[in-house]
Amino acid sequence: MMFGGLSTKLLNICIASFCKVRLLEKAEAIIIDGVRLGVIPDVVTYNTLVSAYSRYVSLDSAYSVIHRMKEAGISPNVITYNSLIAGATRDCLLSQSLDLFEEMLQAGIHPDVWSYNILMNCFFKFGKPDEANRIFQDILLSNLASHPATFNIMINGLCTNEYIDNALMLFRNLQRHGFVPQLVTYNILINRLCKARRWRQARTILRELGESDLEPNAITYTTVMKCCFRSKQYDKGLDIMSEMKSKGYAFDSFAYCTVVAALVKTGRIEEANACMEQTMSNGIELDLAAYNTLLNMYCRQGKFEAAYKLLDEIEKGGLLCDKYTHTIIIDGLCKAGNFSGAQHHLHYMKMMGFHENLVALNCMIDGLCKAGHIDRAMELYKSMETKDSVTYTSLVHNLCRAGRFRCASKLMMKCLKDGKKILRATKRAVLRGLRSSGYTDEAKKLQWKIQLARILR
DNA sequence: ACATATCAGT
């Protein structure tokens, strides 16, 4: 009996290490071997599989593990449910996450602090900060010992739900009460502050990380590098890349994509190529985001044959293209002036089950305008179900460039009525254009509308 | 030995 217990423990350790490197078939094979030798899988064995399948394969495949588990006479426990709920949240299935939580309660299983953390993260992900906050308060008031992750999830969730000041206040309050930030806490704050373009505060947090006992990791470096690129400090970003390499940090797919995307964006195609070759020669496995980065690079070089070949390769490799993939192709074709090709791909995308793709249509509009086909762009605009501020900005800006200020003005009023934001520079361009071409009354009217929109907002 | 949070792509 004791021997059996020990063997199951060993089996579980083996399975966990195979799952960690995504060798699920190997993990399954060991279970079969184990059963032959009389080693009985337990709840931990199945939980390990549930987690791995939901993470690396699909939620459905995780459910089939649950089925096998029940057939073997083993009941799911709180960890099983936590894994499933986390998986459903990762797959953007809000109601399924909540149903699973309910099912867990119905089954008489008591949620633990992990369950509440996962649920909190779920609410934040779906833009429900109030519900998330309620759970946070419940955790603090309950007897459950809170875990640093509770605070990290809270800080991150507040930031992604536009409560970045509250997140900072929470962070400082926690520190006053003796909370020692973890590396993830710093990484979360640096990243979110950079995305909000609050460079000064981001630098403060980065400095505090430097003064702490913690060592930055690859995520920290990638985050800071991205911040440099975002604030147009390209050479500084590349310096950080070299520092990261020389200090021996693993240069992963994230790091390479960040660098390649920045190089492509600034037109440094040769360097981007070299960087991408390094990625490949380092044997880094490309996932869809990495393929999309590569695809974007090809498109910007006008290498569409290579791009289409890559598209085939992606699909043959069993990956499904996402909306980013298609948008990159459409944007690339538009920038190259191939509008019939772009139209064709738009149809293809629809055939693949993607319906509205506002970003791709915005790329079409911008491309048409830049190639001087403003009327075609206006036609497309009229046929669109939804528009956003990018749609309007692109059209208004290009109408101004073509000297069609009254048309630009009319469109901008529509935009304001629609409650969409528009760049200040674009507003000024329209007003200046109207005045200089003698439409002073129109300019006054527009200015009034702009002020009105500001008051109403 | 199993479950949560941070970094890349239009």
Side-chain angles (χ1 to χ4, degrees), chain A residues 8-17 19-20 42-52 54-55 77-87 89-90 111-122 124-125 147-157 159-160 182-192 194-195 216-227 229 252-262 264-265 279 286-297 299 322-332 334-335 357-363 366 390:
Chain A
T8 301
K9 206 170 191 173
L10 284 174
L11 173 83
N12 289 338
I13 293 170
C14 282
I15 288 172
S17 44
C19 284
K20 210 159 259 165
D42 65 0
V43 64
V44 176
T45 321
Y46 286 106
N47 283 348
T48 310
L49 289 178
V50 167
S51 161
S54 76
R55 194 182 294 270
N77 65 10
V78 62
I79 294 181
T80 322
Y81 274 101
N82 289 347
S83 304
L84 281 177
I85 298 168
T89 299
R90 266 196 305 272
D112 60 7
V113 71
W114 290 71
S115 320
Y116 289 113
N117 286 347
I118 292 165
L119 194 61
M120 218 168 75
N121 184 48
C122 174
F124 274 130
K125 180 163 179 174
H147 189 278
T150 310
F151 302 120
N152 293 332
I153 292 170
M154 194 65 194
I155 289 170
N156 183 54
C159 291
T160 55
Q182 299 175 300
L183 184 55
V184 263
T185 325
Y186 285 111
N187 286 348
I188 287 169
L189 281 171
I190 294 166
N191 175 44
R192 297 301 167 190
C194 282
K195 283 207 168 121
N217 63 5
I219 294 181
T220 320
Y221 271 94
T222 315
T223 305
V224 174
M225 201 159 67
K226 175 79 187 171
C227 289
F229 293 139
D252 61 4
S253 176
F254 275 91
Y256 276 114
C257 284
T258 306
V259 176
V260 170
V264 170
K265 202 172 222 168
T279 314
L286 301 184
D287 62 6
L288 189 57
Y291 275 121
N292 286 344
T293 307
L294 183 56
L295 208 54
N296 192 39
M297 192 181 84
C299 288
D322 62 3
K323 61 178 178 185
Y324 287 95
T325 321
H326 297 299
T327 308
I328 289 166
I329 301 270
I330 290 166
D331 187 40
C334 287
K335 283 198 166 63
N357 186 338
L358 182 57
V359 182
L361 291 176
N362 284 344
C363 291
D366 198 58
V390 177

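Remark: C1' of B/dC2 and CH2 of A/W114 are 10 Å apart, rounded to the nearest angstrom. Between A/L11 atom CG and B/dC2 atom C1' there is a gap of 12 Å when expressed in whole angstrom units. A straight line from CG of A/N77 to C1' of B/dA3 spans 9 Å, rounded to a whole angstrom. Spacing between atom CD1 of A/I13 and atom P of B/dC2 amounts to 9 Å, rounded to whole angstrom units. Rounded to an integer number of Å, the gap from A/I118 CD1 to B/dC2 P is 14 Å. Between the CE atom of A/M120 and the P atom of B/dA3 there is a distance of 19 Å, given to the nearest Å. At whole-Å resolution of the value, CE in A/M225 and P in B/dC7 are 14 Å apart. Residue A/N187 contributes atom CG, which lies 11 Å from atom P of B/dA8 at whole-angstrom precision.
Residue A/D287 is classed as a base contact, given a heavy-atom separation below 4.0 Å to a base. Residue contacts shown for A/S253 include a base, since a base heavy atom lies under 4.0 Å away. Within 4.0 Å of A/D322, counting heavy atoms only, lies at least one base atom of the nucleic acid. If you check every strand for non-hydrogen atoms under 4.0 Å, A/I153 touches a base. Residue contacts for A/T327: at a heavy-atom cut-off of 4.0 Å it reaches a base atom on one of the strands shown. Within 4.0 Å of A/S83, counting heavy atoms only, lie sugar-phosphate atoms of the nucleic acid but no base atom. A/H147 comes within 4.0 angstrom of a base, heavy atoms only. A/K195 comes within 4.0 angstrom of the backbone, heavy atoms only, and of no base. Residue-level contact check: A/N362 touches neither bases nor backbone, having no heavy atom under 4.0 Å from any strand. Among the protein residues, A/A86 comes within range of the sugar-phosphate backbone only, with heavy atoms under 4.0 Å from sugar or phosphate atoms but none that close to a base.
Side-chain proximity of A/N47 to B/dA8, B/dC2, B/dA3: nearest is B/dC2. Residue A/A289 places its side chain closer to B/dA8 than to any other of B/dC2, B/dA5, B/dA8. Side-chain atoms of A/I79 lie closest to B/dA3 of the nucleotides B/dA8, B/dA3, B/dT4. For A/T48, the listed nucleotide lying nearest its side chain is B/dC2; candidates were B/dT4, B/dC2, B/dC7. You'll find that the side chain of A/N121 is closest to B/dT4, out of B/dA1, B/dA3, B/dT4. Checking B/dA5, B/dA8, B/dA3 against the side-chain heavy atoms of A/I188 singles out B/dA5 as nearest. For A/T223, the side-chain atoms get nearest to B/dC7 when compared with the rest of B/dA3, B/dA1, B/dC7.
Between the side chains of A/T80 and A/N77, at least one donor N or O sits under 3.5 Å from an acceptor N or O. For the 3.5 Å distance criterion, the side chains of A/N357 and A/T327 qualify, holding a donor opposite an acceptor. At a cut-off of 3.5 Å, with distance as the only test, no side-chain donor of A/N156 or A/N191 sits close to an acceptor on the other residue.
Counting atom types as modelled, A/N82 pairs a side-chain N or O with a base atom of B/dA3 as donor and acceptor under 3.5 Å.
With sequence neighbours excluded, no residue forms a disulfide bond (SG atoms under 2.5 Å apart) with A/C257. Under the rule for a side-chain contact (heavy atoms from CB on, under 4.5 Å), the partners of A/D252 that lie at least two apart in sequence or sit in another chain are A/F254, A/A255.
Phosphate proximity of B/dT6 to A/N156: present, with a side-chain N or O under 4.0 Å from OP1 or OP2. Residue A/N191 places at least one side-chain N or O closer than 4.0 Å to OP1 or OP2 of B/dC7. Note on A/K226: every side-chain N or O is 4.0 Å or more away from OP1 and OP2 of B/dT6.
Residues A/T45 and A/L11 share a closest heavy-atom pair of CG2-CD2, 4.2 Å.
Screening A/N187, A/T223, A/V184 for a side chain to side chain contact (heavy atoms under 4.5 Å, CB included) involving A/N217 leaves a single residue, A/N187.
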